[in-house]
Amino acid sequence: MNMTKRRKGKKIVELHWVDAHRKDGWRSDKEIEEWNEGDGYVRQVGFLLKEDKKWIIIAGGLGEDKTNLCVHRIPKGMIIKRRNLRDLI
């Protein structure tokens with residue numbers, strides 16, 4: 001089956017967002033300071049699956065059988081820029 005007929009209407013979006021990070025175990029003050037130097041900046045393109053007031057959910061791929069690959073659920077408060085690229089034709 002043609003994917004575009006099956007999954008018609010999915011928008012492609014580009015998101016720029018800052019990711020949260022976690023480290024397990026005990027960390028020295030020096031390790032924390034070095035870790036704090038990174039910004040966690042992510043630029044990601046995906047198919048918009050769902051959006052509400054708090055979250056945006058995107059997928060890296062769409063299957064013909066209504067399955068989704070590499071799904072990310074991102075809090076809107078972490079998104080610093082969004083660009084709608086186009087509708088899936």
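If you read the sequence from its start, that first residue is 1, and numbering goes on from there.
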(message) Is there a continuous path of hydrophobic side-chain contacts, each under 4.5 Å between heavy atoms, that joins Leu48 to Val42?
(response) yes
(message) Under the criterion side chain to side chain contact (heavy atoms under 4.5 Å, CB included), I'd like the reasoning laid out for Leu85 against Val45: C-alpha separation, chi angles, the key distance, then a yes or no.
(response) CA-CA 9 Å; Leu85 300 179; Val45 174; 3.9 Å; yes
(request) Indicate yes or no for a side-chain donor-acceptor contact from Asp52 to the backbone of Trp55 under 3.5 Å, with no hydrogens or angles considered. (result) yes
(request) Decide yes or no for Trp17 and Arg43: does some side-chain heavy atom of the first lie under 4.5 Å from some side-chain heavy atom of the second? (result) no
(request) Taking the side chain as every heavy atom from C-beta outward, state whether Ile32 and Glu34 have any atom pair closer than 4.5 Å. (result) no
(request) Ignoring hydrogens and angles, tell me if any N or O in the side chain of Glu31 forms a donor-acceptor pair with the backbone of Ser28 under 3.5 Å. (result) yes
(request) Flag the pair Ile79 / His16 as yes when at least one side-chain heavy-atom distance between them is below 4.5 Å, and no otherwise. (result) no
(message) So which atom in Lys76 and which in Ile56 form the shortest heavy-atom distance, rounded to 0.1 Å?
(response) CG-N, 4.4 Å
(request) Would you please name every residue forming a ring pair (Phe, Tyr, Trp, His ring centres under 6.0 Å) with His72, sequence neighbours left out? (result) none
(message) For a quick test of reading the model, state the closest non-hydrogen atom pair linking His21 to Gly40 and the distance between them.
(response) CE1-CA, 3.4 Å
(request) Determine, stepwise, if the pair Gln44 / Ile58 fulfils side chain to side chain contact (heavy atoms under 4.5 Å, CB included). (result) CA-CA 9 Å; Gln44 189 168 4; Ile58 63 173; 3.9 Å; yes
(request) With rounding to the nearest 0.5 Å, note down the distance linking CE in Met78 to CG in Asp19. (result) 6.0 Å
(request) Report yes if the side chains of Leu62 and Asn68 come closer than 4.5 Å at any heavy-atom pair, otherwise no. (result) yes
(message) Please tell me whether Ile74 and Leu49 are part of a single hydrophobic cluster in this structure, the criterion being side-chain heavy atoms less than 4.5 Å apart.
(response) no
(message) Would you say that more than 12 heavy atoms from the other residues, nucleotides or ligands in this model lie under 6.0 Å from the CG of Asp39, or not?
(response) yes
(message) Does any part of the side chain of Ile57, heavy atoms only, come nearer than 4.5 Å to the side chain of Val71, both counted from C-beta?
(response) yes
(message) What I'd like to find out is whether the side chain of Arg27 reaches to under 4.5 Å of the side chain of Trp35, using heavy atoms alone.
(response) no
